[in-house]
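Scroll down for the structure; my scribbles are underneath it.
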Amino acid sequence: MLLGLRRLQGSRAADVAAVVGLAGLVPFVRVAVVDLIVGVRAADRAEMDALSEQYDDIPGALYWEAGPLLFQIGLFALLVLLAVRRRVPAWSPVALVLGFAALMADLDLLPLGALLFGVALGPVVRTPRRVSAASTRTG
């Protein structure tokens, strides 16, 4: 996804945003997986907190804590660059931020966050088709 967005933008800023996003991809996925595991295993909030601490005691804690933010920043920057070039609507990066905010607020908002991600990235999915269709009509 990050590399696809970078290809749509094709600038030095997009290259930097993609590298930042890729640097945070693994810790972002790790946080999501750990949250899901803890949520399934725990009976209540106290047990969730206790189980979460087991996963927090790993080497490189700063990277694992700050890493997910790198993914979010990189993805947001790529969408902003595309919005500036009018390849996606201006509300697309806003929907992405709202999706991340929903996830950070409460995991019970996961369906809302996923919906907002779909809304944010939906125009990107349609963009290559429109470009391809336009190029076949003119070519």
Side-chain angles (χ1 to χ4, degrees):
M1 169 179 47
L2 290 166
L3 296 177
L5 292 174
R6 188 206 62 78
R7 275 192 297 272
L8 285 173
Q9 173 58 28
S11 68
R12 178 79 58 189
D15 292 344
V16 171
V19 168
V20 169
L22 288 170
L25 183 60
V26 171
F28 184 83
V29 170
R30 179 194 174 274
V31 167
V33 169
V34 167
D35 285 347
L36 290 171
I37 291 169
V38 167
V40 168
R41 291 182 57 200
D44 58 18
R45 186 67 186 169
E47 191 176 354
M48 285 178 78
D49 291 340
L51 285 171
S52 291
E53 288 179 22
Q54 293 176 1
Y55 292 99
D56 288 340
D57 189 25
I58 58 171
L62 178 62
Y63 172 68
W64 294 109
E65 287 293 319
L69 186 58
L70 294 174
F71 172 72
Q72 295 169 6
I73 290 169
L75 185 55
F76 174 73
L78 285 166
L79 279 180
V80 167
L81 290 169
L82 289 170
V84 166
R85 293 186 69 195
R86 300 182 194 270
R87 303 283 307 267
V88 299
W91 50 259
S92 187
V94 174
L96 181 79
V97 169
L98 292 174
F100 284 130
L103 293 183
M104 291 188 310
D106 191 338
L107 285 181
D108 290 337
L109 297 176
L110 183 65
L112 175 62
L115 175 68
L116 288 166
F117 294 150
V119 166
L121 296 170
V124 176
V125 173
R126 289 189 296 271
T127 297
R129 289 184 195 144
R130 278 188 263 154
V131 171
S132 297
S135 65
T136 56
R137 276 188 247 131
T138 59

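When reading the values below, keep in mind they use all heavy atoms of this one structure, side chains included, and skip hydrogens, waters and symmetry mates.
Neither Ile73 nor Leu79 shares a network with the other; the hydrophobic side chains, linked directly or stepwise wherever heavy atoms of I, L, V, M, F, W or Y lie under 4.5 Å apart, form separate groups for each. Linking Ile, Leu, Val, Met, Phe, Trp and Tyr residues whenever their side-chain heavy atoms come within less than 4.5 Å places Leu75 and Leu82 in a single cluster. Transitive grouping of hydrophobic side chains (ILVMFWY, heavy atoms separated by less than 4.5 Å) brings Leu110 and Leu96 into a common cluster. In this structure, Leu109 is not a member of the same hydrophobic cluster as Met104, with clusters built from ILVMFWY side-chain heavy atoms closer than 4.5 Å. Under a hydrophobic clustering in which Ile, Leu, Val, Met, Phe, Trp and Tyr are joined whenever their side-chain heavy atoms come within less than 4.5 Å, directly or via other members, Phe76 and Phe117 fall into the same cluster.
The two residues Pro27 and Gly67 make their nearest non-hydrogen contact at CG-CA, 3.6 Å. For the residue pair Ala120 and Ala95, the shortest heavy atom distance occurs at CB-CB, 3.9 Å. The shortest heavy-atom contact between Leu70 and Ala23 is CD1-CB, 4.2 Å. Annotation for Ala83 and Ala90: closest pair CB-CA, 4.3 Å, computed over non-hydrogen atoms.
Leu81 belongs to no hydrophobic cluster with other residues, because no ILVMFWY side-chain heavy atom falls under 4.5 Å from its own, directly or through intermediates. Membership of an apolar cluster is not assigned to Val31, as no side-chain contact below 4.5 Å to another ILVMFWY residue is traced.
Scanning for side-chain contact (heavy atoms from CB on, under 4.5 Å) contacts around Asp108 gives Asp106, with sequence neighbours left out. Scored by the side-chain contact (heavy atoms from CB on, under 4.5 Å) test, Val29 finds Leu25, Val33 as partners (sequence neighbours excluded). In this structure, the side-chain contact (heavy atoms from CB on, under 4.5 Å) partners of Val38, at least two apart in sequence or on a different chain, are Val34, Met48, Leu51, Ser52, Tyr55. Arg41 meets the salt bridge (charged side-chain N to carboxylate O under 4.0 Å, His left out) test with no other residue; sequence neighbours excluded. A search for side-chain contact (heavy atoms from CB on, under 4.5 Å) contacts involving Val84 returns Val80, not counting sequence neighbours.
Residue pairs meeting the ring-ring contact (aromatic ring centres under 6.0 Å, His included) criterion with at least one partner in residues 10-52, sequence neighbours excluded, are Phe28-Phe71, Phe28-Phe100. Residue pairs meeting the side chain to side chain donor-acceptor pair (under 3.5 Å) criterion with at least one member in residues 12-22, sequence neighbours excluded, are Arg6-Asp15.
Rounded to the nearest 0.5 angstrom, Leu103 CG and Leu98 CG are separated by 11.0 Å.
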